[in-house]
Amino acid sequence: QVQLVESGGGSVQTGASLRLSCSASGIVSGFNMGWFLQAPGKERDFVVAISCAVGVTNYTDAVKGRFTIAGDRSKTTLYLQMNSVKPEDTAVYYCVEDASSGLRGPYHYWGRGTQVTVSS
């Protein structure tokens with residue numbers, strides 16, 4: 001069974017940098033992984049994903065040029081480097097995984113999330 005555990009969230013100011021981590025276990029070759037976010041009272045929205053087999057990525061326009069997804073295969077860990085953060089980035093960030101070929105989903109495995117709060 002796939003297990004995903006996020007960490008690295010916190011409270012920062014506008015313009016700061018933050019790196020989220022997702023420790024993954026039980027994954028198989030050919031899987032896709034990524035990050036979703038959810039603001040209070042709202043639906044979960046796609047942020048970015050990567051095909052771990054070939055490294056192809058897909059970013060939303062809102063984070064292009066600011067966020068970077070990367071992975072460490074030896075540590076089975078996925079990262080989200082967040083630079084120049086804005087208050088609109090405030091949300092719970094979830095790590096996701098699925099064996100499907102489409103980077104946008106659907107994703108069936110989710111972590112419990114890590115809170116990111118950006119103040120002005």
Side-chain angles (χ1 to χ4, degrees):
Q1 183 178 358
V2 175
Q3 298 288 329
L4 306 172
V5 181
E6 304 95 335
S7 62
S11 182
V12 298
Q13 294 185 325
T14 298
S17 294
L18 200 64
R19 189 176 75 164
L20 307 184
S21 299
C22 172
S23 179
S25 62
I27 57 177
V28 298
S29 62
F31 60 88
N32 299 328
M33 296 187 69
W35 296 89
F36 277 66
L37 63 77
Q38 184 175 29
K42 297 185 178 181
E43 299 292 326
R44 294 181 182 182
D45 293 326
F46 175 82
V47 179
V48 61
I50 183 171
S51 172
C52 297
V54 297
V56 177
T57 59
N58 191 309
Y59 293 84
T60 61
D61 291 339
V63 305
K64 287 182 179 178
R66 298 191 299 121
F67 294 3
T68 303
I69 190 171
D72 186 332
R73 297 175 184 176
S74 64
K75 298 181 179 179
T76 61
T77 301
L78 183 73
Y79 301 100
L80 181 64
Q81 179 65 45
M82 307 169 64
N83 296 328
S84 302
V85 296
K86 306 174 181 179
E88 65 189 66
D89 297 323
T90 295
V92 176
Y93 284 74
Y94 296 88
C95 181
V96 298
E97 191 276 338
D98 203 280
S100 299
S101 59
L103 292 179
R104 295 273 178 162
Y107 286 92
H108 298 111
Y109 297 96
W110 296 70
R112 291 187 177 274
T114 184
Q115 176 70 50
V116 172
T117 302
V118 183
S119 62
S120 300

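The structure presented is a predicted model; accordingly, all values stated were derived computationally and were not measured.
- No continuous path of hydrophobic side-chain contacts links Y94 to V48 [ILVMFWY only; heavy atoms under 4.5 Å].
- The OG1 atom of T76 sits 12.0 Å away from the CD atom of Q3 when rounded to the nearest 0.5 Å.
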request  = Decide side chain to side chain contact (heavy atoms under 4.5 Å, CB included) for W110 and F36; before the verdict, give the C-alpha distance in whole Å, the side-chain angles of both, and the deciding distance to 0.1 Å.
outcome  = CA-CA 9 Å; W110 296 70; F36 277 66; 3.7 Å; yes
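- Annotation: side-chain contact (heavy atoms from CB on, under 4.5 Å) contacts of V63 (sequence neighbours excluded): V47, Y59, T60, R66, F67.
- I69 is not connected to V92 by any chain of hydrophobic side-chain contacts under 4.5 Å among Ile, Leu, Val, Met, Phe, Trp and Tyr, and they are in different clusters.
- A distance of 8.5 Å separates OG1 in T77 from CE in M33, rounded to the nearest 0.5 Å.
- Under a cut-off of 6.0 angstrom, the local environment of CZ in F46 is crowded, with over 12 non-hydrogen atoms contributed by other residues, nucleotides or ligands.
- In terms of the side-chain hydrogen bond (donor to acceptor under 3.5 Å, both in side chains) criterion, residue partners of Q81 (sequence neighbours excluded) are, by chain and number, N83.
- Between A39 and A91, the shortest heavy-atom distance links the atoms N-CB, 4.0 Å.
- In this structure S25 satisfies the side-chain hydrogen bond (donor to acceptor under 3.5 Å, both in side chains) test with no other residue, sequence neighbours excluded.
- The side-chain contact (heavy atoms from CB on, under 4.5 Å) search around T90 returns Q115, T117, V118, not counting sequence neighbours.
- Rounded to the nearest 0.5 angstrom, Y79 OH and D72 CG are separated by 5.0 Å.
- Among all heavy-atom pairs drawn from A49 and Y107, the shortest one is CB-OH, 3.2 Å.
- Residues passing the side-chain contact (heavy atoms from CB on, under 4.5 Å) test with V5, sequence neighbours excluded: none.
- Two residues are said to be in side-chain contact when any heavy atoms from C-beta on lie closer than 4.5 Å; I50 and L78 meet this criterion.
- Within the structure, disulfide bond (SG atoms under 2.5 Å apart) pairs that include any residue of residues 71-120 comprise C22-C95 (at least two apart or interchain).
- A distance of 5.0 Å separates CG in L103 from CG in N32, rounded to the nearest 0.5 Å.
- When hydrophobic clusters are built by joining Ile, Leu, Val, Met, Phe, Trp and Tyr residues whose side-chain heavy atoms come closer than 4.5 Å, directly or via intermediates, V96 is not grouped with L37.
- Considering OG of S84 and CG of D89, their distance stands at 9.5 Å, rounded to 0.5 Å.
- Residues passing the side-chain contact (heavy atoms from CB on, under 4.5 Å) test with A16, sequence neighbours excluded: V12, V85.
- Legend: salt bridge (charged side-chain N to carboxylate O under 4.0 Å, His left out) pairs involving residues 95-120, not counting sequence neighbours: none detected.
- Within the 4.5 Å cutoff, no side-chain heavy atoms of E6 are placed close to those of Y93.
- Pairs engaging residues 43-54 under the salt bridge (charged side-chain N to carboxylate O under 4.0 Å, His left out) rule: none recorded [sequence neighbours left out].
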inquiry  = Quick one, F31 with V2, criterion side chain to side chain contact (heavy atoms under 4.5 Å, CB included). Give me CA distance, side-chain angles, the key distance, then yes/no.
reply    = CA-CA 11 Å; F31 60 88; V2 175; over 6 Å; no
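- In terms of hydrophobic clustering, with Ile, Leu, Val, Met, Phe, Trp and Tyr side chains grouped at heavy-atom distances under 4.5 Å, V116 and L80 are assigned to a common cluster.
- With sequence neighbours left out, D61 forms a salt bridge (charged side-chain N to carboxylate O under 4.0 Å, His left out) with K64.
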